Amino acid sequence: MTLSAAFAQAQTPRSGGTLTLRLREDLPQGFAIHESPTISTMWPAMPCLSNLVLFDPLKPTHSLDTIIPELAERWSWQDGYRKLVFFLRKDVKWHDGRSFSAADVKHTFDILRETPDSPHKLRLNPRREWYANVEGVDALDPATVVFRLKRPQPSLLLMLASGYTPIYAAHVSPAAYRMGCVGTGPFRVKEWRKGEFVEYVRNPEYFVKGRPYLDGLRYLIIAERGTATAALSTGRVDVAFPGETPKPIADQLKKAAPQLVITTVITGVVDHLILNTRKPPFDNSRIREAVTRAVDRRALIAAVYQGGSVLGASMVPRPYGVWGVLDADLRGVAGYGSANDEKAKARKLLGEAGLGAASPLRIEMLTRNLPAFVDLSSFVIGELKQVGIEASLKPVDSPQWFPMQARGEFQIGVDRTGLEPDDPDANFYEHYACGSSRNYSGYCDAALARLIEQQSQELDQAKRVVLVREIQLKLELAASRPMLEWRLDYFTMWPHVKNLVPHHSLYSWGRLQDVWRDK
C-alpha cells in the first residue's frame, strides 16, 4: 500500500465514539437560540436543530458560495430578489416523531417577525430586525415555503444560513426550548445537568443518511480558564470552546501537549464599548469622543492579547472578512491615531466640559461576569483614568447581562459581539437600526438609516462595498459603540478529532454532523 493510499484510508470517516467539548458557562437561555445573542447558547444547542440552509461546515469562509441545503432541498430567487422560494425535504422527523413541514417554517418566522396572528411571543428577540424587510412567509403546501420581500435583499439567504436561524417545531412552545430541545438535528438531548454538562445521543432518524458519525456528544461546563486549559492539555476534553483560546493560552497548551492541533482564525467577534446615548453624560457626542480617544487600541492588543487581535471598524476587517476597512483607513478616525495625541485630545474635550483630573467624570462600567470580559474592562478602566474618567466595574451574570442592556440600565459597558453572518445587513439592522432591541446605545441617525437601506438593496457588489465603507466610518465618528479590536482565536483540539473545521466566524459550525473520531 502506498503512503498516499494509506493516508486516504486513514481519513475514511469512522462511526462511533463520543466527543467531549468544553463550555465556558452554563446555557444562558437553554436551547432557545432564537432568544439568545450568545454563542454560549448557540454552540451547545446547534446539534439539536436544523436550518433551511447552512454554511458548509467543511469550508471556513461564509459566503453565498458556501451555503448548502439542510431542511430545504433547494431554493430559488424570483421577482428580482423579491421572492425567495424554498423546496423542502419530505423525509424529516422531529425528535418526538412528528413530521416536519412548511408549517414549522412559517411558525418560526411568524414568531421572529412578531406577526399579529402569531400565538407565541419570544421573551427576547435579538434578531427581529433581520426580517424587517420580509412582508410575509407563506406555506404554499407542506413542502414549499415562499418569503415575500418588500424590496430586493440578496443578504436574506446568508442570514437564513446563520446558526442563529434554526427552525422550531410548530407543536412545541418556544418557551419549552429554554429547558429542553425538540429538533430535527443530528443529535438528541439526553440530559442537561445544570452547571455540570449537556449530553447528546445520536439521532438514528436524522435525514442525512449515514450521519452523524458520532454516537454522542458531551459538553462539560468549565468556567475557570486554568481548569479548562488543564482539561484540554490532559485530554479530559477533546475540543476547546470557540473563541476562548487566546494566543497566550495556545502557547501554553502547545508546550504542554505538542500534538494538539491549533488553528489561527478570526473569531468574527469584536470587543467594543457601548455608551448609553439616551442619558447623560453620553448623550453628549464630545464626551463620547473623549472616551473613544482615550483607549489605546494598539496597546490593548499588545497587553491583553499579546498580538492576537487586529484593528477594524464595525465589519470583520480585511483580509479576514469581505467588508471591513483597513488599518490605514482608520488612521484619521478618533481613537486610531498616535496614543499620546489621542489622549491629549480626550483631555481637551473633557476640559471643555468642565471635567478633568481635579473634577473627574465618575461612571459605572458594566461588563459580563466572565474572566476575559473582566480582563478587557480592567484595561479600559486604566486607559480612561489617564484622561480624567474614573470608572468602577460592575460584572453582571450572563442571564441578566443582555436584558439589562436592552432596557438601557447602564452608562457604559464593555462587551463582545459576534458578527454572524459576515454581511452588513445582519450587523447594521441588528445593532444600529433605529428602534432595534439590540441597538443598546440608543443611537439613531436618519441619514445613516437611509444609507443602511441603500446598501441592503444594492445588487452591484462594488457599489455596495463603497456604501458599507462609508457607513462604517460614520459609525466610528458617532462613537456610540466604539470598536476596540477584532479577536483572533487559536482554536485547539486533539488530532483524533476529524472534520471539525474552524470558520472565520465562530458561529454556524456547531452542527457536528460530519465530525468523527480517529481513535
Side-chain angles (χ1 to χ4, degrees), residues 270-300 311 313-314 330-367 373 376-394 396 404-417 431-436 438-449 471-485:
V270 61
D271 292 344
H272 61 93
L273 307 179
I274 306 173
L275 282 62
N276 193 336
T277 66
R278 304 175 187 89
K279 55 188 178 184
F282 299 122
D283 57 343
N284 186 328
S285 63
R286 295 178 71 78
I287 302 296
R288 299 200 303 270
E289 183 184 340
V291 168
T292 195
R293 289 189 183 279
V295 182
D296 183 351
R297 290 150 173 82
R298 293 175 181 86
L300 186 157
L311 290 178
S314 55
L330 294 167
R331 285 287 177 176
V333 177
Y336 293 90
S338 160
N340 290 336
D341 291 345
E342 293 292 337
K343 283 186 168 60
K345 291 174 182 176
R347 295 187 193 99
K348 184 174 184 293
L349 288 164
L350 292 169
E352 291 169 353
L355 300 166
S359 54
L361 173 62
R362 291 186 169 85
I363 56 175
E364 181 181 68
M365 178 179 288
L366 270 62
T367 198
F373 286 72
L376 176 62
S377 301
S378 298
F379 180 89
V380 173
I381 286 172
E383 293 290 285
L384 296 180
K385 187 173 183 179
Q386 294 180 45
V387 301
I389 300 175
E390 300 283 347
S392 59
L393 185 62
K394 180 181 178 180
V396 178
M404 285 182 72
Q405 290 183 94
R407 293 193 299 265
E409 296 175 359
F410 68 96
Q411 289 182 296
I412 183 173
V414 175
D415 200 4
R416 287 177 173 174
T417 299
H431 300 116
Y432 300 101
C434 298
S436 168
R438 292 205 71 196
N439 182 354
Y440 298 140
S441 73
Y443 180 75
C444 177
D445 181 280
L448 189 64
I471 291 168
Q472 290 182 81
L473 295 178
K474 286 182 180 296
L475 288 171
E476 289 304 296
L477 291 171
S480 64
R481 199 169 177 265
M483 301 294 108
L484 298 177
E485 37 66 41

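Just so we're clear, the structure is a prediction, and the values are computed from it rather than from any experiment.
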Are the side chains of [Y] and [X] in contact, using a 4.5 Å heavy-atom criterion?
| X | Y | value |
| --- | --- | --- |
| I381 | S392 | no |
| V291 | V387 | no |
| T417 | H272 | yes |

> Which heavy atom in S314 sits nearest to a heavy atom in E476, and how many Å separate them?
Replying inline: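 Between these two residues, the closest heavy atoms are N-OE2, 4.5 Å.
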
>> If you compare all heavy atoms of T277 against all heavy atoms of Y443, which two are closest, and at what distance to 0.1 Å?
In response: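 Closest approach of T277 to Y443: OG1-N, 3.4 Å.
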
> Between Y432 and R481, do the side chains contain an N or O donor and an N or O acceptor separated by less than 3.5 Å?
Replying inline: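 Yes.
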
> Do Y336 and E342 have a side chain donor and acceptor closer than 3.5 Å?
Replying inline: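 Y336 vs E342: no donor-acceptor pair found between side chains.
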
> Are E485 and R298 within salt-bridge range, i.e. N to O under 4.0 Å?
Replying inline: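 Salt bridge absent between E485 and R298.
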
> So which of I412, L273, I274 actually passes side-chain contact (heavy atoms from CB on, under 4.5 Å) with F282?
Replying inline: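 When side-chain contact (heavy atoms from CB on, under 4.5 Å) is applied between F282 and each of I412, L273, I274, only I412 qualifies.
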
> Stepwise, does the side-chain contact (heavy atoms from CB on, under 4.5 Å) test hold for Q411 with N276?
Replying inline: CA-CA 5 Å; Q411 289 182 296; N276 193 336; 5.7 Å; no

Whether [X] side chain and [Y] backbone form a donor-acceptor pair below 3.5 Å:
| X | Y | answer |
| --- | --- | --- |
| R288 | P281 | no |
| R297 | M483 | yes |
| T292 | G335 | no |
| K394 | M365 | no |

